[in-house]
Amino acid sequence: MTAVTRKRFTLAEYHYLAELGFFSEDDRVELIRGEIMEMAAKCTPHSVCNSLLLGELYTLVGKRGNVRGQEPITLPPNSEPEPDVVVARRQSDHYLSAHPSPKDILLVIEVADSSLQYDQQTKLALYAEAGISDYWLFNLIENHLEVYSEPVQDVQGNSSYRLRRLILPDEVVALPCLPDLSLNLSSVFPSYPQQTQTSAYSGTTQ
């Protein structure tokens, strides 16, 4: 029986496919270690958290950095993920010449519900291997922020982060790239309004 091997694409091949119109505007894909991966559909809490987060970071960071939402970053040799949020160094052309690469990235952020395990394992290892110093994961399943820092590689060559810290949704956290700025997580995590219970009956109680 002939063995089946997966086709792995280089960054140049991936870009060429995009130029040829191989992907439609509705296709949500990213290149991960040479494989074209379909991105998970966003649930409502994911969309709400992502929108609130972008709004807060745009206001906080202002012109001190470049805040990008769900845009590609280039991680040689063969990855081009599209994180939910990236804070990159300020660049005069706003990255018109090329997507941000690891040297440009100050903070990468993912928002996770259905994609939680993928973001805690595959994406985490990918960002650590690229040398991205700080990775935040908004865990909407367990309702906290996971803050990862100090990328390391073990003796087997596996990449991860040395430090992991949990921040609760009612706490405040400093931006690692701009430590004089702090993000209030209560303005980012989705919260459902409390339902007022009304009686099914009207009239005077006895």
Side-chain angles (χ1 to χ4, degrees), residues 5-18 22-23 27-43 46-47 49-50 53-54 57 65-89 91 95 98-142 144-167 173 175-177:
T5 57
R6 294 181 178 179
K7 164 65 178 170
R8 294 189 181 271
F9 296 88
T10 65
L11 283 165
E13 289 170 335
Y14 181 63
H15 293 165
Y16 185 56
L17 288 175
F22 186 79
F23 310 116
D27 287 335
R28 298 190 67 252
V29 296
E30 55 186 357
L31 186 69
I32 304 295
R33 302 189 191 283
E35 291 190 60
I36 298 173
M37 309 291 289
E38 187 173 358
M39 298 165 67
K42 293 186 181 68
C43 299
H46 184 141
S47 296
C49 183
N50 205 80
L53 178 59
L54 279 170
L57 288 177
N66 193 299
V67 178
R68 295 163 57 92
Q70 299 172 335
E71 300 293 344
I73 59 175
T74 300
L75 307 181
N78 57 357
S79 293
E80 196 166 276
E82 297 188 10
D84 286 305
V85 181
V86 163
V87 180
R89 299 184 193 280
Q91 190 160 295
Y95 295 97
H99 299 312
S101 63
K103 64 179 175 54
D104 305 308
I105 297 167
L106 303 174
L107 173 63
V108 62
I109 304 173
E110 297 285 3
V111 178
D113 37 31
S114 61
S115 64
L116 180 60
Q117 187 176 12
Y118 184 71
D119 290 334
Q120 286 176 327
Q121 297 176 8
T122 302
K123 285 288 189 73
L124 182 146
L126 183 70
Y127 297 144
E129 184 180 322
I132 294 171
S133 59
D134 294 278
Y135 172 43
W136 284 10
L137 176 57
F138 280 81
N139 182 334
L140 300 185
I141 302 296
E142 297 170 330
H144 59 236
L145 169 64
E146 299 176 14
V147 171
Y148 297 91
S149 58
E150 295 188 22
V152 291
Q153 192 175 71
D154 64 21
V155 290
Q156 283 80 34
N158 300 312
S159 296
S160 187
Y161 285 91
R162 187 189 304 275
L163 301 180
R164 176 179 181 262
R165 190 161 55 108
L166 300 184
I167 314 292
V173 60
L175 300 185
C177 46

Legend entry - salt bridge (Lys or Arg N to Asp or Glu O under 4.0 Å) contacts touching residues 104-117 (sequence neighbours left out):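 Passing the test, one end in residues 104-117: Glu110-Lys123.
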Legend entry - side-chain hydrogen bond (donor to acceptor under 3.5 Å, both in side chains) against His99, all qualifying residues, sequence neighbours excluded: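 For His99 there are no side-chain hydrogen bond (donor to acceptor under 3.5 Å, both in side chains) partners, ignoring immediate neighbours.
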Legend entry - side-chain hydrogen bond (donor to acceptor under 3.5 Å, both in side chains) against Asp119, all qualifying residues, sequence neighbours excluded: Ser115
Inset, instruction - Start with the C-alpha distance between Asn50 and Gln70, add both sets of side-chain angles, then the distance that settles side-chain contact (heavy atoms from CB on, under 4.5 Å), and finish with yes or no. - result: CA-CA 9 Å; Asn50 205 80; Gln70 299 172 335; 3.5 Å; yes
Legend entry - Residue pair Leu137 / Gln120, side-chain heavy-atom distance below 4.5 Å: yes
Inset, instruction - State, yes or no, whether a side-chain contact exists between Pro81 and Ile73 at a heavy-atom distance under 4.5 Å. - result: yes
Please identify each residue that fulfils side-chain contact (heavy atoms from CB on, under 4.5 Å) with [X], with sequence neighbours left out.
X      : result
Gln117 : Gln121
Ser149 : Asp134, Leu163
Ser114 : Ala40
Pro102 : Leu75, Pro76, Ala130

Could you measure the distance from the [atom1] atom of [X] to the [atom2] atom of [Y]? Nearest 0.5 Å is fine.
X      : Y      : atom1 : atom2 : value
Phe9   : Leu17  : CZ    : CG    : 5.5 Å
Thr10  : Leu31  : OG1   : CG    : 8.5 Å
Met37  : Glu82  : CE    : CD    : 13.5 Å
Thr74  : His15  : OG1   : NE2   : 5.0 Å
Leu57  : Leu175 : CG    : CG    : 6.5 Å
Ile141 : Leu116 : CD1   : CG    : 6.0 Å

Set of residues satisfying salt bridge (charged side-chain N to carboxylate O under 4.0 Å, His left out) with respect to [X], sequence neighbours excluded:
X      : answer
Arg89  : none
Glu150 : Arg162
Glu146 : Arg164

Restricting to non-hydrogen atoms, name the atom on [X] and the atom on [Y] that form the minimum distance, rounded to 0.1 Å.
X      : Y      : result
Pro176 : Trp136 : CD-CZ2, 3.5 Å
Arg68  : Asn66  : CG-OD1, 3.2 Å
Leu106 : Cys177 : CB-CB, 3.4 Å
Tyr95  : Ala88  : OH-CB, 3.6 Å

Legend entry - Residues that Phe23 engages under ring-ring contact (aromatic ring centres under 6.0 Å, His included), provided they are two or more places apart: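 With neighbours one apart ignored, the set is Tyr14.
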Inset, instruction - Could you walk me through whether Glu80 and Leu11 pass the side-chain contact (heavy atoms from CB on, under 4.5 Å) test, one step at a time? - result: CA-CA 7 Å; Glu80 196 166 276; Leu11 283 165; 3.9 Å; yes
Inset, instruction - Report the C-alpha separation of Asp84 and Lys42 in whole Å, then their side-chain angles, then the decisive distance to 0.1 Å, and conclude whether the side-chain contact (heavy atoms from CB on, under 4.5 Å) test is met. - result: CA-CA 11 Å; Asp84 286 305; Lys42 293 186 181 68; 4.1 Å; yes
Inset, instruction - Taking only Lys NZ, Arg NE, NH1 and NH2, and the carboxylate oxygens of Asp or Glu, determine whether Arg28 and Glu38 approach each other closer than 4.0 Å. - result: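 Not counted as a salt bridge, because no side-chain N and carboxylate O are separated by less than 4.0 Å.
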Legend entry - Any pair counted as ring-ring contact (aromatic ring centres under 6.0 Å, His included), so long as it reaches residues 107-133, sequence neighbours left out: Tyr127-Tyr135
Inset, instruction - Using atom types as modelled and distance alone, determine if a side-chain donor or acceptor of Ser79 lies under 3.5 Å from a backbone N or O of Arg33. - result: yes
